[in-house]
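Comments concern the structure below.
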Amino acid sequence: MTESLRLRVDRRDSLAVIYTEGYINNQGGEEIASAAYKLIADGDKVLLLNLDGTKIVNSIGISILIEIIEKMLEIDGRLAFCCLTPTIEKTFHIMGLAQYAGIYPDEPAALEALAAGGTPTAGSAG
Amino acid sequence: MTESLRLRVDRRDSLAVIYTEGYINNQGGEEIASAAYKLIADGDKVLLLNLDGTKIVNSIGISILIEIIEKMLEIDGRLAFCCLTPTIEKTFHIMGLAQYAGIYPDEPAALEALAAGGTPTAGSAG
Amino acid sequence: MAGQAILREVKLTLPMAPDMEIAASKTATAMAELMTMSPDKIDEVRMAVVEACINAIEHSRAHDRKVYLTFEVLGEQVPELLRITVRDAGVGFAPGEVEEPSIERKLTAERKRGWGLKIIRGLMDEVEIESGRDGTSIVMTKARG
Amino acid sequence: MAGQAILREVKLTLPMAPDMEIAASKTATAMAELMTMSPDKIDEVRMAVVEACINAIEHSRAHDRKVYLTFEVLGEQVPELLRITVRDAGVGFAPGEVEEPSIERKLTAERKRGWGLKIIRGLMDEVEIESGRDGTSIVMTKARG
Ligand SMILES: Nc1ncnc2c1ncn2[C@@H]1O[C@H](COP(=O)(O)OP(=O)(O)O)[C@@H](O)[C@H]1O
Ligand SMILES: Nc1ncnc2c1ncn2[C@@H]1O[C@H](COP(=O)(O)OP(=O)(O)O)[C@@H](O)[C@H]1O
């Protein structure tokens, strides 16, 4: 019954940023994944997920994000997150996601780290 | 169990402003009333209640505000409100409070009207 | 309203204790948000529920010290109406005999209270009260749009 | 925990329907706020409750299609602990036989899911699961301070 997750994609020179707004549940995760796969199909290899507008997620939604990480490992790309609530960040750490995707407090920090090639996705920290 | 209402009082030249933060229930109403009576005892005759930090009230809390209006009628003073949520404003209209106390969208509007002597309390609109 | 199906039914039982009306108001908010009611209407529902709970807590003298709430989302296919029932197993009262409050009288009266039912009626679309020896049920509805 | 009194008990019954976990999370928030838990802890409780409800909705196959929640505020005098029970009358499962998920394996596995219980355990202070032919109860607690 609720409104679904809203997404905004911002393609830049060297990466694409996906902004989310709302609940990342099953449906929300699927929407993020299809946006990500579209960007990957269009040649993007570096993605930043800015979750500033997301205050609640569930494990089904996050599972779908793991698929994106798997895809990134295959194409030697990178996925990073920024602007997580403390609970979402804690959850990513509980799951071990933080080993395969960079987690940054805000977008400038994420952009800087990604520009420096600093985010492990390809198992470098795994 | 919850935290109680927080109040801040700002005495100015020609009036005093009471800022509230939190739930105006029985207790919250009593706290506002005692702050108001203290100001009145100290000579203030024009009071502005800025409810910007209050998103929820109940009818018991509002009943106590009616006591302040009664007091104001006695001393020929004026009470006004600003920064009400739409529901609180609607409730004040349902109760007819709006006839005895000025209701203004924001503090500048309230100050201007109060300076012009524009708020009915003493039954002028009653 | 007749002919509409119950799309969702949520039940909440609260102890008659300070601030418990806030828990009720949060559930009301959740249900109203789920059916994508507008924020202003949600807030009105929230306040009406607070008032109904306070009445049960304050006046019912129910032995079990509990307030029973039911939240129903009604609609033919999509959510159209939120119906909330606030019930207590208390002593009951005669709604018809409750004096309609007026600000003019309250300003000089000793007892300034007596606004809850008027506020509930003003904020909700429809309000029905059933009260008797088994307690009181107040059923209130608000349309989504 | 033993010896502590139940200061408040709130019960919530939800239908097994999409988004109903949100209603549960709001009640959890209300209860945690009433006992003035810190916002970060409240958010953790909220997420744990969401996961427990989703499990009941998704896996229980309960005939009555309902999730039963109990929120208890425990303490000697002041609120110290929030205890939340999420119960279903479903088929049950053997918690000991659920494989502990690991990100390394999930990255290559077909099924990426299986994180709910791990997340609940990571976010709450104590978690106990009772499951059998009458259904499943997951009891989780979080201290206020
Ligand atoms: N649930 C209830 N059980 C018993 N009496 C009630 C209940 N709700 C309302 N009443 C009666 O109706 C009167 C008016 O209620 P209300 O308009 O809410 O104002 P107030 O609660 O301030 O008195 C109450 O004073 C009480 O006598
Ligand atoms: N309430 C429940 N009723 C029946 N089975 C359950 C319940 N909760 C959990 N389970 C079982 O435990 C498994 C692990 O649950 P969980 O860790 O939450 O991950 P997921 O729900 O993603 O599978 C589920 O796949 C299911 O088999």
Side-chain angles (χ1 to χ4, degrees), chain B residues 1-5 22-30 32-33 36 51 54-77 79 81 84-101 103 120-126, chain C residues 14-26 28-29 32 37-59 86 98 100-125 127 138 142:
Chain B
M1 295 201 283
T2 29
E3 284 178 66
S4 55
L5 186 78
Y23 184 18
I24 302 183
N25 53 8
N26 200 344
Q27 230 177 297
E30 297 287 3
I32 295 170
L51 301 194
T54 287
K55 303 304 168 202
I56 181 160
V57 301
N58 71 32
S59 66
I60 310 180
I62 310 174
S63 301
I64 299 168
L65 303 183
I66 298 178
E67 291 175 19
I68 309 177
I69 298 179
E70 185 186 19
K71 186 83 192 167
M72 282 300 184
L73 288 171
E74 281 171 32
I75 64 163
D76 209 11
L79 177 68
F81 294 89
L84 308 180
T85 69
T87 302
I88 296 176
E89 180 160 351
K90 187 165 177 174
T91 302
F92 282 13
H93 281 282
I94 291 169
M95 297 174 68
L97 262 185
Q99 298 172 284
Y100 292 90
I103 294 176
T121 298
S124 59
Chain C
L14 301 173
M16 292 185 166
D19 292 326
M20 278 299 120
E21 71 275 13
I22 299 292
S25 89
K26 295 255 173 168
T29 303
M37 211 178 255
S38 73
D40 283 359
K41 283 198 167 200
I42 292 175
D43 210 46
E44 290 171 15
V45 169
R46 192 168 76 117
M47 172 133 187
V49 168
V50 163
E51 291 298 324
C53 288
I54 289 176
N55 274 351
I57 294 172
E58 275 218 308
H59 303 302
V86 180
V98 174
E100 168 91 7
S102 92
I103 185 73
E104 285 73 23
R105 262 173 291 136
K106 289 291 180 190
L107 272 171
T108 51
E110 182 64 37
R111 188 174 193 271
K112 309 273 183 232
R113 297 192 37 195
W115 295 98
L117 296 174
K118 189 180 174 91
I119 291 171
I120 293 170
R121 291 202 178 93
L123 295 176
M124 299 295 282
D125 294 346
V127 178
I138 169 158
K142 184 111 172 164

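Naming: A, B, ... by sequence-line order, numbering from 1 per chain.
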Measure the [atom1]-[atom2] distance between [X] and [Y] for me, rounded to the nearest 0.5 Å.
| X | Y | atom1 | atom2 | result |
| --- | --- | --- | --- | --- |
| C:Ile103 | B:Leu97 | CD1 | CG | 4.5 Å |
| B:Leu73 | C:Thr108 | CG | OG1 | 10.0 Å |
| C:Leu107 | B:Lys71 | CG | NZ | 14.0 Å |
| C:Ser25 | B:Asn58 | OG | CG | 11.0 Å |
| B:Ile56 | C:Glu21 | CD1 | CD | 7.5 Å |
| B:Ile94 | C:Ile119 | CD1 | CD1 | 6.5 Å |

Exercise for the section: Using salt bridge (Lys or Arg N to Asp or Glu O under 4.0 Å) as the criterion, list what pairs up with C:Lys118, not counting sequence neighbours. Expected result: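 C:Lys118 satisfies salt bridge (Lys or Arg N to Asp or Glu O under 4.0 Å) with C:Glu100 only.
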Handout entry: All salt bridge (Lys or Arg N to Asp or Glu O under 4.0 Å) counterparts of C:Arg113, not counting sequence neighbours
Key =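 For C:Arg113 the salt bridge (Lys or Arg N to Asp or Glu O under 4.0 Å) partners, ignoring immediate neighbours, are C:Glu58.
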Practice task
Taking the side chain as every heavy atom from C-beta outward, state whether C:Trp115 and B:Ile66 have any atom pair closer than 4.5 Å.
Solution key: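 Touching, per the 4.5 Å side-chain cut-off.
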Practice task
Report yes if the side chains of C:Asp40 and B:Thr87 come closer than 4.5 Å at any heavy-atom pair, otherwise no.
Solution key: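 No - every pair of side-chain heavy atoms lies 4.5 Å or more apart.
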Handout entry: chain C contacts, top residue of B:Ile64, B:Ile62, B:Ile88, B:Thr91 (heavy-atom pairs, under 4.5 Å)
Key =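 The option with the most such pairs is B:Thr91.
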Handout entry: Electrostatic pair B:Glu70-C:Lys106, nearest N-O below 4.0 angstrom
Key =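 Result for this pair is no, no salt bridge flagged.
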Practice task
Go through the side-chain N and O atoms of C:Glu51 and B:Ser59 and say whether any donor and acceptor fall under 3.5 Å apart.
Solution key: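 Their side chains do contain a donor-acceptor pair, which is all the 3.5 Å distance test asks for.
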Handout entry: Under 4.5 Å from a heavy atom of chain B, the part of C:Leu123 involved
Key =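 Contact with chain B: backbone and side chain both.
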Handout entry: Pair C:Met47-B:Val57, side-chain contact (heavy atoms from CB on, under 4.5 Å): steps then yes or no
Key = CA-CA 8 Å; C:Met47 172 133 187; B:Val57 301; 3.6 Å; yes
Handout entry: side-chain contact (heavy atoms from CB on, under 4.5 Å) between B:Asn25 and C:Asp19, intermediate numbers included
Key = CA-CA 9 Å; B:Asn25 53 8; C:Asp19 292 326; 4.0 Å; yes
Problem - Least distance between heavy atoms, B:Lys55 atom then C:Arg46 atom - result: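 What the structure gives for the nearest pair is O-NH2, 2.8 Å.
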